[in-house]
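Every number for a ligand or one of its atoms is a count from 1 in the order of the listing.
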Amino acid sequence: MADNDKVFAGSIPKFYDTLMVPLIFGAYAADMAELVAAFSPASVLETAAGSGVVTRALAPKLGADARYVVTDLNQPMLDYAAIRQGADGRIEWQQADALDLPFEDASFDVVCCQFGAMFFPDRVAGYTEARRVLKPGGRFVFSVWDRIEENAFADEVTNAVAALFPHDPPRFLARTPHGYHDIALIREELSRAGFTGIEVETREKLSRAASARDAATAYCQGTPLRNEIEARDAGLLQLATDRATQAIASRHGEGPVAGKIQAHVIVAAG
Ligand SMILES: C[S@@+](CC[C@H](N)C(=O)[O-])C[C@H]1O[C@@H](n2cnc3c(N)ncnc32)[C@H](O)[C@@H]1O
């Protein structure tokens, strides 16, 4: 993973939340909230919470006395999430690296993490931390994207932007969000961290946007792909977005557009 892949700052939190979240994260967040709430946890730790889409779905499902600690590596994402959430005395917002959690052993009934593990530079270390802070019998619930070819818009945007930089194609989407989809590897790394009773479900959904341009803008400007394009030539961000728009429109029309997305949802018992 490149250093910039984990930088969700500057304009990214706003574009991420307003464009990416409705496009691909919202539907999976509703599922994750259901899964976590089904354990009736008294205490939940969320890692890599981003702009808070899972937090908004899960908080209403937790008990009145529940403790819900919401964390992310990037403070700007957490700031955005906290403002959108509004006042809720059960929620503690805290900047934290999922690989080095500032919590006591055996503190939580559930640790959840939606589409964050792909960003961990050392997955076994991240899983070991999740397991350390879980109470005996606790659950680690998390999700990762399937391979990029199973995720239509991400694949089309990546190919379109690559054509603009043929000698040094920006590969963020393939390398990081869609770079950790091997179920056997996920199981092995969870086992190495001490988890047992690992359940993996692959879920397909439809990603919808009002227009091909909205979908392209989400990927090109609301993710660290933006950092990669700007590092090559900041003046080409708009052209890259235009090319990605054309690529999506050529397959799905100008809009409204719908494309396949697919992810693995994992529940691991400590
Ligand atoms: C694709 S976003 C997912 C955010 C949110 N869970 C969602 O579903 O919208 C990935 C998030 O991982 C965070 N992240 C990256 N590396 C991290 C780490 N080592 N520890 C905690 N969070 C991390 C980023 O700041 C970003 O908010």
Side-chain angles (χ1 to χ4, degrees), residues 1-36 44-59 68-82 84-85 93-103 110-130 133 140-146 148 151 153-154 172-181 203 205 207 218-219 221-227 261 263-266:
M1 187 178 68
D3 276 355
N4 257 353
D5 286 8
K6 60 184 182 212
V7 179
F8 285 71
S11 315
I12 291 178
K14 178 168 167 266
F15 279 104
Y16 178 89
D17 194 62
T18 54
L19 295 175
M20 283 307 289
V21 163
L23 191 62
I24 58 173
F25 294 98
Y28 286 100
D31 286 7
M32 175 149 295
E34 291 274 329
L35 258 176
V36 172
V44 176
L45 170 66
E46 183 177 351
T47 57
S51 61
V53 63
V54 170
T55 319
R56 291 191 286 281
L58 177 55
Y68 188 5
V69 181
V70 181
T71 65
D72 194 274
L73 181 68
N74 285 292
Q75 186 70 46
M77 291 294 264
L78 219 45
D79 290 344
Y80 199 95
R84 277 213 60 186
Q85 187 75 33
W93 304 95
Q94 188 167 344
Q95 188 277 335
D97 185 340
L99 278 70
D100 186 17
L101 293 170
F103 307 108
V110 172
V111 174
C112 65
C113 180
Q114 172 165 280
F115 301 122
M118 307 87 80
F119 294 85
F120 299 173
D122 179 341
R123 246 85 61 168
V124 176
Y127 298 161
T128 301
E129 271 298 80
V133 301
F140 179 34
V141 183
F142 70 104
S143 54
V144 298
W145 292 114
D146 203 345
I148 196 163
N151 289 267
F153 297 153
F172 163 74
L173 293 170
R175 178 180 60 241
T176 299
H178 296 284
Y180 185 58
H181 49 72
R203 291 191 184 182
K205 292 183 184 287
S207 166
Y219 282 100
Q221 303 191 25
T223 75
L225 175 59
R226 179 189 191 121
N227 304 334
I261 46 176
H264 304 310
V265 179
I266 301 118

K.L.:
With heavy atoms under 4.0 Å as the rule, classify the contact between V53 and ligand 1 as side chain, backbone, both or neither.
P.N.:
side chain
K.L.:
Just jot down the ring pair (Phe, Tyr, Trp, His ring centres under 6.0 Å) partners of F153, sequence neighbours excluded, or say none.
P.N.:
H252
K.L.:
Begin from the C-alpha positions of E46 and T55 and carry the test side chain to side chain donor-acceptor pair (under 3.5 Å) through to its verdict.
P.N.:
CA-CA 8 Å; E46 183 177 351; T55 319; 2.9 Å; yes
K.L.:
Which option out of W145, F25, Y16, F115 puts a heavy atom nearest to atom 9 (O) of ligand 1?
P.N.:
Y16
K.L.:
Can you list the ligand 1 atoms lying under 4.0 Å from a non-hydrogen atom of N74?
P.N.:
24 (C), 25 (O)
K.L.:
Under the side chain to side chain donor-acceptor pair (under 3.5 Å) definition, can you give me all pairs with a residue in residues 19-33, not counting sequence neighbours?
P.N.:
D31-R203, D31-K205
K.L.:
Where the side chain of H178 meets the backbone of D146, is there a donor-acceptor pair that is under 3.5 Å apart?
P.N.:
yes
K.L.:
Can a non-hydrogen atom of A49 be found less than 4.0 Å from any atom of ligand 1?
P.N.:
yes
K.L.:
Just go through D72, V70, V21 and tell me whose heavy atom is the nearest to atom 25 (O) of ligand 1.
P.N.:
D72
K.L.:
May I ask you to list the atoms of ligand 1 that are less than 4.0 angstrom from any heavy atom of D97?
P.N.:
18 (C), 19 (N), 20 (N)
K.L.:
Atoms of ligand 1 less than 4.0 Å from M77 heavy atoms?
P.N.:
27 (O)
K.L.:
For atom 6 (N) of ligand 1, which of A48, C112, G50, C113 has the closest heavy atom?
P.N.:
A48
K.L.:
Compute the centroid of each ring, for F142 and then for Y127, and state whether the two points are separated by less than 6.0 Å.
P.N.:
yes
K.L.:
Looking at A98, which atoms of ligand 1 are within less than 4.0 Å of one of its heavy atoms?
P.N.:
18 (C), 20 (N), 21 (C)
K.L.:
Report the C-alpha distance between W145 and I261 in whole Å, list the side-chain angles of each, state the deciding distance to 0.1 Å, and finish with yes or no for side-chain contact (heavy atoms from CB on, under 4.5 Å).
P.N.:
CA-CA 8 Å; W145 292 114; I261 46 176; 4.2 Å; yes
K.L.:
Check whether any side-chain N or O of R56 sits under 3.5 Å from a backbone N or O of S51 as a donor-acceptor pair, and report yes or no.
P.N.:
yes
K.L.:
Is there a donor-acceptor pair under 3.5 Å between the side chain of R123 and the backbone N or O of M118?
P.N.:
yes
K.L.:
Quick one: does S143 get a heavy atom under 4.0 Å from ligand 1?
P.N.:
no
K.L.:
May I ask you to decide if L101's main-chain N or O and E129's side chain share a donor-acceptor pair within less than 3.5 Å?
P.N.:
yes
K.L.:
Test of understanding: given a 4.0 Å heavy-atom threshold, classify the contact between P177 and ligand 1 as side chain, backbone, both, or neither.
P.N.:
neither
K.L.:
Check Q114 against ligand 1 and report side chain, backbone, both or neither, counting heavy atoms closer than 4.0 Å.
P.N.:
both
K.L.:
Under 4.0 Å, heavy-atom basis, I'd like to know which part of S51 is in contact with ligand 1: side chain, backbone, both or neither.
P.N.:
neither
